[in-house]
Asks: 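Here it is: the structure, laid out below.
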Amino acid sequence: MNYNWNWGILFQTASDGSGTYLTYLVVGLGWTLATALAAWVLALSVGAVVGTLRTTPTPWMGRFCYAYVEIFRNVPLIVQMFLWFFVLPELLPEALGSAMKQMPPPWGSYVPAVLCLGIYTSVRVAEQVRAGIQSLPRGQRMAGTALGLTLPQTYRHVILPMAVRIVLPPLTSEFLNVIKNSSVALTIGLMELTGRARSMQEFTFQVFEAFAAATVIYLLTNLVVVLGMRYLERRVRVPGLISASGDAQMAGH
Amino acid sequence: MIEFKNVSKWYDTFQVLKNCNTKVDKGEVVVVCGPSGSGKSTLIKCVNGLEPFQQGEIIVNGESVSANATNLNRLRSKIGMVFQSFELFPHMKVTDNINLAQIKVLGRSVEEATTKSMTLLKRVGLEEHAHKFPGQLSGGQQQRVAIARGLAMDPIAMLFDEPTSALDPEMINEVLDVMTGLAKEGMTMMVVTHEMGFAKRVAHRVIFMDYGEIVEDATTEDFFGKPRSERAVQFLSKILHH
């Protein structure tokens with residue numbers, strides 16, 4: 001392989017003149033996090049509501065949420081990204097559509113990216129919340145009901161507190177996914193970490209250095225998320241139960 | 001107090017309750033027994049509307065359980081229920097388990113509810129476990145907490161759905177003792193159980209069910225002394241000889 005290694009490139013001035021390539025990439029990480037975190041907030045709130053509603057006894061609500069989940073989880077993320085960015089503004093009323101198209105960069109890419117990634121992730125969160133709720137013994141709901149609690153009270157005080165503990169580990173994976181998936185936003189022009197690594201490679205031809213740096217930055221970021229979520233799992237662990245996933249059984253028998 | 005009138009229930013085409021008629025008077029202790037799958041658990045779950053039924057009527061304290069006008073949540077709050085698998089809320093301390101519905105349903109203050117909970121915990125012999133979580137208690141202790149949780153609502157009747165079936169043998173008596181105490185105080189009770197010793201000692205009447213039917217509905221002496229149906233005789237011979 002004939003390749004000129006040059007790790008020093010990371011400390012040379014970037015093509016946009018704003019600083020070194022390393023800072024150029026770190027700013028990219030900033031955009032990655034800004035996109036991922038906003039999408040994560042959206043995904044958690046919508047996903048929690050949709051997942052919970054799918055377990056309630058109201059049939060039409062369940063069907064509506066089912067349709068929502070199946071639409072957004074069965075279309076590839078990159079296609080959804082294009083739909084939000086190129087197609088949606090054309091379908092909206094003229095004023096709103098052109099307002100979307102005229103948003104100055106990077107917001108013109110950032111807003112559709114957050115919406116797209118947030119909705120896409122929300123259906124995955126919804127499925128996990130639903131599975132978590134359904135993994136609880138049926139008797140828990142009965143016990144709440146038998147005490148005279150209303151359905152919302154039973155959810156609020158009995159079902160959801162345990163379901164949240166059960167879905168924390170799979171939610172960690174979703175959190176990591178949302179950070180990694182934010183890289184797809186480069187296809188609609190958002191200069192987040194992957195977008196910047198690619199642009200650095202195009203200007204300098206130092207493809208290995210550019211993507212090695214991006215890889216390390218992603219790994220370190222996600223490691224922080226994993227450790228944070230582990231800490232959270234430990235914090236909410238219920239005394240006397242061996243693990244969050246086993247407690248449903250223990251409580252039942 | 002609790003009256004069943006021609007109650008029938010189907011799961012799709014399968015009939016689980018067939019024209020059940022009986023009643024439980026105030027202060028009466030009625031044991032419901034029968035082979036598994038006979039519909040006895042379903043029958044008592046109909047009393048507080050945990051299981052819907054398609055035909056007939058159940059009147060609790062003058063109110064029809066299935067009537068639209070009935071406030072089912074309020075009715076449920078007046079009937080204590082104890083489950084086979086305890087169903088304590090694992091993420092709450094023992095006191096919080098007993099406090100929850102007192103505060104949320106009856107509107108008691110935290111202090112009132114806690115005082116009540118501690119009194120009841122003392123009564124079931126668990127006051128020193130008040131600050132533990134259910135997972136830190138034995139099965140027998142958990143079931144006693146569950147009984148206290150039901151009693152905290154000052155119920156007009158208590159329903160027990162196989163309260164000792166999930167317990168190790170050495171823990172059964174501590175739960176039965178609490179139930180016997182309750183019965184002695186005049187609590188109206190409907191108890192699904194296989195504990196025939198308890199039935200003999202405590203029950204006023206025994207209902208024997210098979211295939212969704214109430215086959216026998218007799219005083220305790222009559223049921224054990226001279227059961228009328230062949231099925232009850234067979235059931236008793238099986239259950240008493242093990």
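Numbered from 1 within each chain, the chains take letters A, B, ... in sequence-line order.
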Asks: Can any side-chain N or O of B:Gln136 pair as donor or acceptor with the backbone N or O of A:Leu241 at less than 3.5 Å?
Replies: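 Not at all, since once roles are kept as given, no pair shorter than 3.5 Å links the two residues.
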Asks: Is A:Tyr68 atom OH crowded by more than 12 heavy atoms from other residues, nucleotides or ligands, each under 6.0 Å away?
Replies: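 Count over threshold, so yes.
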Asks: Show the nearest heavy-atom pair for residues B:Val105 and A:Leu147, with the distance to one decimal.
Replies: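 Closest pair (atom of B:Val105, atom of A:Leu147, distance): CG2-O, 3.8 Å.
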Asks: Under a 4.5 Å heavy-atom cutoff, which of A:Gly144, A:Pro161, A:Gly139 has the most pairs with chain B?
Replies: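 The residue among A:Gly144, A:Pro161, A:Gly139 with the greatest pair count is A:Gly139.
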Asks: Using non-hydrogen atoms and a limit below 4.5 Å, what part of residues 42-56 of chain B faces chain A?
Replies: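 B:Lys45, B:Asn48, B:Leu50, B:Glu51 fall under the 4.5 Å cut-off.
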Asks: Can you name the nearest heavy-atom pair linking A:Gln140 to B:Phe89, along with the distance?
Replies: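 Shortest heavy-atom separation between A:Gln140 and B:Phe89 comes out as OE1-CD2, 3.6 Å.
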Asks: If I measure from the heavy atoms of chain A, does B:Leu159 come under 4.5 Å with its side chain, its backbone, both, or neither?
Replies: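 Nothing of B:Leu159, per the 4.5 Å heavy-atom cut-off to chain A.
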Asks: Considering residues, nucleotides and ligands other than B:Tyr11, do more than 12 of their heavy atoms fall under 6.0 Å from its OH?
Replies: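 Yes, enclosed.
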Asks: What's the spacing between B:Ile103 CD1 and A:His157 NE2 if we round to 0.5 Å?
Replies: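 Interatomic distance, B:Ile103 CD1 to A:His157 NE2, rounded to 0.5 Å: 9.5 Å.
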Asks: I'd like to know whether NZ of B:Lys78 has more than 12 heavy-atom contacts from other residues, nucleotides or ligands below 6.0 angstrom.
Replies: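 Yes, enclosed.
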Asks: Between chain A and each of B:His91, B:Met81, B:Arg76, B:Lys132, count heavy-atom pairs under 4.5 Å; write down the option with the most.
Replies: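 Answer, by heavy-atom pair count under 4.5 Å with chain A: B:His91.
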Asks: Please classify the contact of A:Arg138 with chain B as side chain, backbone, both or neither, using a heavy-atom distance under 4.5 Å.
Replies: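 Side chain only.
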Asks: Give the minimum heavy-atom separation between A:Leu149 and B:Leu100, together with the two atoms involved.
Replies: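 The pair with the smallest heavy-atom distance is CD1-CD2, 3.8 Å.
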Asks: Between chain B and each of A:Thr145, A:Thr150, A:Val236, count heavy-atom pairs under 4.5 Å; write down the option with the most.
Replies: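 Maximum pair count with chain B is reached by A:Thr145.
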